[in-house]
Amino acid sequence: MKALILVGGFGTRLRPLTLSVPKPLVDFANKPMILHQIEALKDIGVTEVVLAINYQPEVMLNFLKDFETKLGIKISCSQETEPLGTAGPLALARDKLIDDSGEPFFVLNSDVISEYPLKQMIAFHKSHGGEASIMVTKVDEPSKYGVVVMEESTGQVERFVEKPKVFVGNKINAGIYLLNPSVLDRIELKPTSIEKETFPKIASEKLLYAMVLPGFWMDIGQPKDYITGLRLYLDSLRKNESSKLATGPHIVGNVLIHESAKIGEGCLIGPDVAIGPGCVVESGVRLSRCTVMRGVRIKKHACISNSIIGWHSTVGQWVRAENMTILGEDVHVCDEVYSNGGVVLPHKEIKSSILKPEIVM
């Protein structure tokens, strides 16, 4: 089987992290976002992954070459010279996706994190005999999204309603699809939306089916959702693979610590924290609801909550960082500084406090 991952644009919502690497390579729970997807695809027998990309393809490919060998899966790029929306990239990658097998192929949005129930999706797709399957997830506020209206018992999709004013349903497109090769005949090589053009057409012919996603789902393309996604992901680890989580008197709730990280005396860590490889957390540090990426040093008695600390940054003694503070790569925060929602671009030194949310260029 094959799969296409829609990598797309510039990742502006996750700046300053995406100023250092393309968004799919930003770490989430101690590994690049896209790796969560590639590993899930590999687990159910996908042999080739095509990345639909229009930005820095060489950076992506160089990085993923290592994983190609480690995971034993073929990874290639299909590069857009102009943005083609969410359906155009399928037409562009047509030759890479179609083979003689006639097997359906997966399409995933690269921002989505979930338990990837892809095996169940294959069974569901085979059972209904339609042309395309989409994964949907239940949300509390459907009026913020495009809602999928479906026949509950069979999953047959009736129609799509964009940001409904009155309640029509609470299921939204989760950005994971399984499509027969014939879907490619419906898509022209031009900027096209799979959600607004291709799927409604297939639905009108009663050939589109939706499966409700079991477990958690999050689009982690912006910082607030990234932190929420981390909480959901760690909750899911607690249920399914709790041995991967850290334990000890200094740990509260769900915490993921890379084996090469060093944690000092008298720290209190958690809930919902990921600490990456090679990090040094000195004594008396308090961390909650945050991600600390590879090679970061956090000095004594610092306190960090609801924040993302980018690669190889340093947080000084008695620093307090909160309220969606995001440090880009190689940022150095001096001792006793307070950051209230500061968003700091890479390679900066912060000597004075950031008292209200702002971008530090």
(message) Treating Asn340 as the side-chain partner and Leu355 as the backbone partner, does any N or O pair qualify as donor plus acceptor under 3.5 Å?
(response)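 Between the backbone of Leu355 and the side chain of Asn340 there is a qualifying donor-acceptor contact (under 3.5 Å).
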(request) Look only at the side chain of Ser114 and the backbone of Gly215, and say whether a donor-acceptor pair between them is shorter than 3.5 Å. (result)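 Answer holds: no.
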(request) Kindly indicate, with the supporting measurements, whether the criterion side-chain contact (heavy atoms from CB on, under 4.5 Å) is fulfilled by Val212 and Lys171. (result) CA-CA 8 Å; Val212 180; Lys171 296 179 190 72; 3.7 Å; yes
(message) With ring pair (Phe, Tyr, Trp, His ring centres under 6.0 Å) as the criterion, how do Tyr226 and Phe28 come out once you've worked through the C-alpha distance, each side chain's angles and the decisive distance to 0.1 Å?
(response) CA-CA 8 Å; Tyr226 176 107; Phe28 176 83; 5.3 Å; yes
Quick one: which residue pairs count as a ring-ring contact (aromatic ring centres under 6.0 Å, His included) with a foot in [range], not counting sequence neighbours?
range: residues 246-279; value: none
range: residues 321-356; value: none
range: residues 263-319; value: His301-Trp318

(request) Could you walk me through whether Gln156 and Thr154 pass the side chain to side chain donor-acceptor pair (under 3.5 Å) test, one step at a time? (result) CA-CA 5 Å; Gln156 191 177 81; Thr154 60; 5.5 Å; no
(message) So if I apply the salt bridge (charged side-chain N to carboxylate O under 4.0 Å, His left out) rule between Glu282 and each of Lys300, Arg297, Lys299, which one comes out positive?
(response)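 Only match with Glu282 under salt bridge (charged side-chain N to carboxylate O under 4.0 Å, His left out): Arg297.
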(message) Name the residue from Ile309, Ile298, Leu287, Leu256 that meets the side-chain contact (heavy atoms from CB on, under 4.5 Å) definition with Ile275.
(response)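 By the side-chain contact (heavy atoms from CB on, under 4.5 Å) criterion, Ile275 pairs with just one of Ile309, Ile298, Leu287, Leu256: Leu287.
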For [X], I'd like to know if atom [atom1] has over 12 heavy atoms of other residues, nucleotides or ligands within 6.0 Å.
X: Lys2; atom1: NZ; answer: yes
X: Glu188; atom1: CD; answer: no
X: Ile359; atom1: CD1; answer: no

For [X] against [Y], the heavy-atom pair lying closest together:
X: Ile194; Y: Thr86; result: N-OG1, 2.9 Å
X: Ile354; Y: Gly342; result: CG2-CA, 3.8 Å
X: Gly221; Y: Leu14; result: O-CG, 3.5 Å

(message) How long is the straight-line distance from CE of Met135 back to CG of Leu213, given to the nearest 0.5 Å?
(response)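 CE of Met135 is found 5.0 Å from CG of Leu213.
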(request) For the pair Arg320 and Glu322, find out whether any cationic side-chain nitrogen is under 4.0 Å from an anionic carboxylate oxygen. (result)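 So Arg320 pairs with Glu322 through a salt bridge.
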(message) Quick one about Glu241 and Ser243 (side-chain donor to acceptor, distance below 3.5 Å, no hydrogens or angles considered), yes or no?
(response)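 Distance-only check fails for Ser243 and Glu241.
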(message) The test is side-chain contact (heavy atoms from CB on, under 4.5 Å); show your working for Ile5 and Val49 and say whether it passes.
(response) CA-CA 7 Å; Ile5 300 180; Val49 173; 3.8 Å; yes
